[in-house]
Amino acid sequence: QTMQSFHQIVPPSVGISCHAWNHTGEMLALCPGSNELYIYENCHHSDPNKWIKAHVLKEHDMLISGISWSDRNNKIVTCSHDRNAFVWKYDSSTNQWVPTLCVLRIDRAATYVQWSPDGAKFAVGSSNKTIPVCYLDSSQSSDWYVSRIIKRHKSTVVKLAWHPNSQILATVSSDRRCRIISATMNEIDRNADSGPFASHVPFGEVYPNGEILCNSWANAVDWNSSGSLLAVASHDSTIQIVDCTSNCQILHTIMYNSLPLNEIRFVGEEGIVGVGHDMEPLLFSSAGSGKWAMKSKIDSESLNSPAKRGSANSVTKVASARAMFQAKTSRGEDSANATQSSFKTTHRNVITHLQVRPNNSSYQISTTGPDGLIVFWEIGSLGLNVGSMSIR
Amino acid sequence: SEFHLIALVFYQANTLRPYLNTVRHTLDASLCLRNFPSQTVERHNKPEVEVQSSKELLLNPVMICRNEQEKCLIESSINSVRVSIAIKQADEIESILCHKFTSFLMQRSEQFIVMRRKPAKGYDLSFLVTHMHLERMWKHKLIDFLIEFMEDIDKEISGMKIAINARARIIASEYVKQFCP
């Protein structure tokens with residue numbers, strides 16, 4: 001049994017494009033489908049209505065497509081379709097978040113942004129078919145972020161994932177490929193670390209055999225916590241598990257029977273949770289047999305339990321007839337149970353974003369999408385070996 | 001030949017459900033869209049199925065045919081889907097009715113939100129569904145709307161044809177009554 005709770009944090013007409021937690025889980029940054037950034041405080045409170053919208057930050061011109069909150073330096077980086085990224089630093093003396101411009105040198109939209117695990121640099125995916133990797137340049141009188149550009153891609157870079165050593169990037173693009181690229185920068189990294197690979201490769205170059213071909217657009221990617229395995233989800237409802245310690249051999253190709261995924265995360269060493277167009281998390285696991293397969297859909301199976309269906313029988317005939325006509329006029333549905341049967345899931349629209357919610361008691365994930373809901377799922381209760389979680 | 005007629009009608013009715021079910025499942029898979037900013041023009045967001053500027057963003061078009069005349073073409077891309085339908089036109093009257101009816105609808109395409117003002121080449125009516133539409137509307141309801149539309153348009157045109165024939169008969173008999181009381 002999974003426990004879940006949800007909150008309509010912004011109206012469904014607005015939706016949420018992306019969200020991120022601070023390292024304690026007490027503050028939440030989200031974009032309500034516009035150019036604004038909302039920061040909520042007091043998020044440890046169990047009643048989400050008691051969360052305080054403390055800041056509304058307006059610096060971008062267009063939709064904010066990515067937010068990343070570093071747990072090392074407490075800075076927030078946001079990227080937007082207006083080709084810009086800003087790093088926000090909290091000034092406790094004025095209780096303000098102060099933006100710093102980043103020189104990305106892209107002339108198309110930015111699609112995704114992520115701090116490296118050590119908080120020293122961040123990488124931005126863009127429709128410019130490039131990835132600027134940015135770091136703080138304090139050599140001038142004022143601080144700003146400068147970038148080095150990774151090219152190599154033939155189409156928009158949709159997402160990226162940092163290896164735990166902060167020097168390797170796995171990127172997915174709409175040119176149907178996942179690439180494992182070196183982001184070792186002499187300016188920042190003291191020792192070149194090639195991670196699971198034999199020898200290191202200069203900045204911007206693809207590691208040997210590090211180009212993984214998919215049958216359709218590559219949608220999501222994640223490293224496991226030790227950085228040895230890479231999971232790539234593509235639009236043809238497939239997840240490929242790549243073993244980077246043995247020459248990027250594809251260990252398994254999971255072909256599941258549902259709609260494509262938008263985000264995936266490793267849960268320990270034996271599980272992957274994915275969210276996307278099915279509007280609910282899907283769980284994949286290799287526990288037991290050692291072979292990866294889809295294990296379950298986390299939402300609709302619990303909602304369809306007999307206990308829930310049985311309650312409809314106790315409603316009187318008149319009340320149910322009235323409900324039926326009301327549903328017919330207001331929503332165009334033709335049965336009293338229509339709402340319950342038309343949405344078997346908590347989310348009412350595709351899930352676009354997933355984050356691990358920092359919480360000291362259990363492994364919880366939060367999902368958001370265009371329906372404006374933020375839903376929390378207890379993954380820790382599913383009996384997987386959750387082990388050491390890395391917060392991304 | 002009466003038997004023939006009944007058998008033909010029965011057969012036609014039999015292909016409707018599988019046809020619409022196939023269209024429904026194809027739409028369910030194609031309508032997995034996302035917000036995808038343009039790769040070619042900065043700060044723009046265009047339906048890629050209409051612009052066709054980057055081939056890697058387009059999927060293979062799928063054509064679902066009920067028979068030689070009635071078919072449905074579904075062209076998908078990363079952020080938009082174009083659904084074009086060819087309506088059954090058995091004789092000249094149905095052809096004229098179909099043409100007038102579809103142009104009436106297409107002139108008012110803003111009311112339908114997802115309808116295209118001009119049909120794709122070789123088809124009678126087209127819809128364009130973009131990521132923005134799926135954000136505002138429920139996907140399963142949108143697919144219900146498209147399927148019901150395809151079902152109802154045939155019934156509407158048959159209904160109009162029957163009405164024309166009935167009206168013609170009434171007018172003719174009234175006219176002839178002048179001469180043969």
Side-chain angles (χ1 to χ4, degrees), chain A residues 12-18 33 61-63 65 80-83 106-111 126-129 153-158 173-177 216-217 219 235-237 258-262 276-279 331-334 338-339 341-344 348-350 352 369-372, chain B residues 24-49 51-62 76-81 112-114 129-149 151-152:
Chain A
S13 52
V14 162
I16 300 174
S17 60
C18 44
D61 297 331
M62 290 178 76
L63 179 75
S65 47
S80 160
H81 285 180
D82 65 1
R83 304 151 34 230
I106 53 176
D107 31 57
R108 297 287 179 273
T111 56
S126 77
S127 299
N128 209 24
K129 311 179 191 180
H153 298 83
K154 307 281 186 300
S155 188
T156 298
V157 178
V158 168
S173 164
S174 47
D175 64 4
R176 308 195 315 275
R177 281 156 179 79
S216 188
W217 307 307
N219 286 354
H235 206 79
D236 59 335
S237 297
S258 319
L259 296 176
L261 296 172
N262 283 332
H277 292 271
D278 279 306
M279 307 183 198
R331 282 190 303 273
E333 290 163 348
D334 50 8
T339 320
S341 58
S342 63
F343 276 117
K344 299 192 189 79
R348 272 128 201 264
N349 207 323
V350 62
T352 52
D371 55 7
Chain B
R24 177 183 290 274
H25 284 123
T26 314
L27 283 177
D28 210 15
S30 306
L31 286 173
C32 292
L33 306 177
R34 71 186 87 180
N35 192 342
F36 194 85
S38 172
Q39 288 181 161
T40 45
V41 184
E42 67 170 84
R43 292 170 171 263
H44 276 225
N45 202 318
K46 301 170 190 294
E48 293 295 333
V49 73
V51 178
Q52 306 241 335
S53 54
S54 310
K55 297 299 171 209
E56 77 274 9
L57 304 176
L58 306 174
L59 293 177
N60 288 328
V62 175
S76 344
S77 71
I78 200 163
N79 62 358
S80 44
V81 172
F112 288 99
I113 306 174
V114 290
V129 183
T130 64
H131 164 262
M132 282 285 125
H133 297 144
L134 285 182
E135 273 186 2
R136 284 185 282 142
M137 300 186 263
W138 291 345
K139 177 181 171 185
H140 65 290
K141 281 287 167 200
L142 183 60
I143 296 178
D144 283 348
F145 165 73
L146 292 175
I147 302 293
E148 278 180 40
F149 190 95
E151 239 182 310
D152 291 345

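This one's a predicted model, so the numbers in the text were calculated from it and none came from an experiment. Proteins get letters first, then strands, A, B, ... in listed order; numbering begins at 1 in each.
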Colleague: Report the option among B:Leu33, B:Asp28, B:Asp144 that has the most heavy-atom pairs separated by less than 4.5 Å from atoms of chain A.
Modeller: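 Among B:Leu33, B:Asp28, B:Asp144, the one with the most close pairs to chain A is B:Leu33.
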Colleague: Give the minimum heavy-atom separation between B:Leu134 and A:Asn349, together with the two atoms involved.
Modeller: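 So the minimum-distance heavy-atom pair works out to O-ND2, 3.0 Å.
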Colleague: Among A:Ser17, A:Ser174, A:Ala109, A:Ser237, single out the residue with the greatest number of heavy-atom pairs under 4.5 Å to chain B.
Modeller: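 Among the listed options, the one with the most contacts to chain B is A:Ser174.
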Colleague: Measuring heavy-atom distances to chain B, does A:Asp107 have an atom under 4.5 Å in its side chain, in its backbone, in both, or in neither?
Modeller: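 Both parts, backbone and side chain.
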Colleague: Supply the atom-to-atom distance B:Asn45 CG to A:Leu63 CG, rounded to the nearest 0.5 angstrom.
Modeller: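 Answer rounded to 0.5 Å: 9.0 Å.
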Colleague: Any side-chain to backbone donor/acceptor pair from B:Glu56 onto A:Arg176? Under 3.5 Å, distance only.
Modeller: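 No, B:Glu56 side chain to A:Arg176 backbone: no donor-acceptor pair under 3.5 Å.
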Colleague: Search all heavy atoms of B:Phe36 against all heavy atoms of A:Thr156 and return the closest pair with its distance.
Modeller: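 Between these two residues, the closest heavy atoms are CZ-OG1, 3.3 Å.
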Colleague: Run the side-chain contact (heavy atoms from CB on, under 4.5 Å) test on A:Asp82 and B:Arg43 for me, step by step, so that the C-alpha distance in whole Å, both residues' side-chain angles and the decisive distance to 0.1 Å come before the verdict.
Modeller: CA-CA 6 Å; A:Asp82 65 1; B:Arg43 292 170 171 263; 3.8 Å; yes
Colleague: Go through the atoms of A:Ser13 and report whether side chain, backbone, both or neither lie under 4.5 Å from a heavy atom of chain B.
Modeller: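 No part of it gets close to chain B.
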Colleague: Should A:His235 and B:Cys32 count as side-chain neighbours, where that means a heavy-atom distance under 4.5 Å?
Modeller: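 Answer yes - side chains close enough.
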Colleague: Measure the spacing between NZ of B:Lys139 and CG of A:Leu259 and express it to the nearest 0.5 Å.
Modeller: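 Reported to 0.5 Å precision, the distance equals 5.0 Å.
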Colleague: Compare every heavy atom of B:Asn35 with every heavy atom of A:His81, then report the nearest pair and how far apart it is.
Modeller: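 Nearest heavy atoms, A:His81 then B:Asn35: CE1-OD1, 3.8 Å.
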Colleague: To the nearest 0.5 angstrom, please state how far the CG atom of A:Asn219 sits from the CD1 atom of B:Ile78.
Modeller: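 CD1 of B:Ile78 is found 7.5 Å from CG of A:Asn219.
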Colleague: What are the two closest heavy atoms between B:Gln39 and A:Ser155, and how far apart are they?
Modeller: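 Residues B:Gln39 and A:Ser155, closest heavy atoms: OE1-OG, 2.7 Å.
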Colleague: Side-chain contact, heavy-atom cut-off 4.5 Å: A:Asp371 with B:Trp138?
Modeller: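 No - every pair of side-chain heavy atoms lies 4.5 Å or more apart.
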Colleague: Can you tell which part of A:Lys154 gets under 4.5 Å to a heavy atom of chain B, answering side chain, backbone, both or neither?
Modeller: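 A:Lys154 touches chain B through backbone heavy atoms alone.
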Colleague: Nearest 0.5 Å, please: how far is CG in B:Leu59 from OG in A:Ser216?
Modeller: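 That separation rounds to 5.5 Å.
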Colleague: Against chain B, work out which of A:Val158, A:Asp61, A:Ile106, A:Val350 has the most heavy-atom pairs shorter than 4.5 Å and name it.
Modeller: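 Of the options given, most contacts go to A:Asp61.
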Colleague: Within a strict 4.5 Å, meaning less than it, do heavy atoms of the B:Glu42 and A:Arg83 side chains meet?
Modeller: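 When only atoms from C-beta onward are counted, A:Arg83 and B:Glu42 do touch, with a gap below 4.5 Å.
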Colleague: Which of the residues A:Gly33, A:Pro370, A:Ser127 is involved in the greatest number of heavy-atom pairs with chain B at under 4.5 angstrom?
Modeller: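 Between A:Gly33, A:Pro370, A:Ser127, the count favours A:Ser127.
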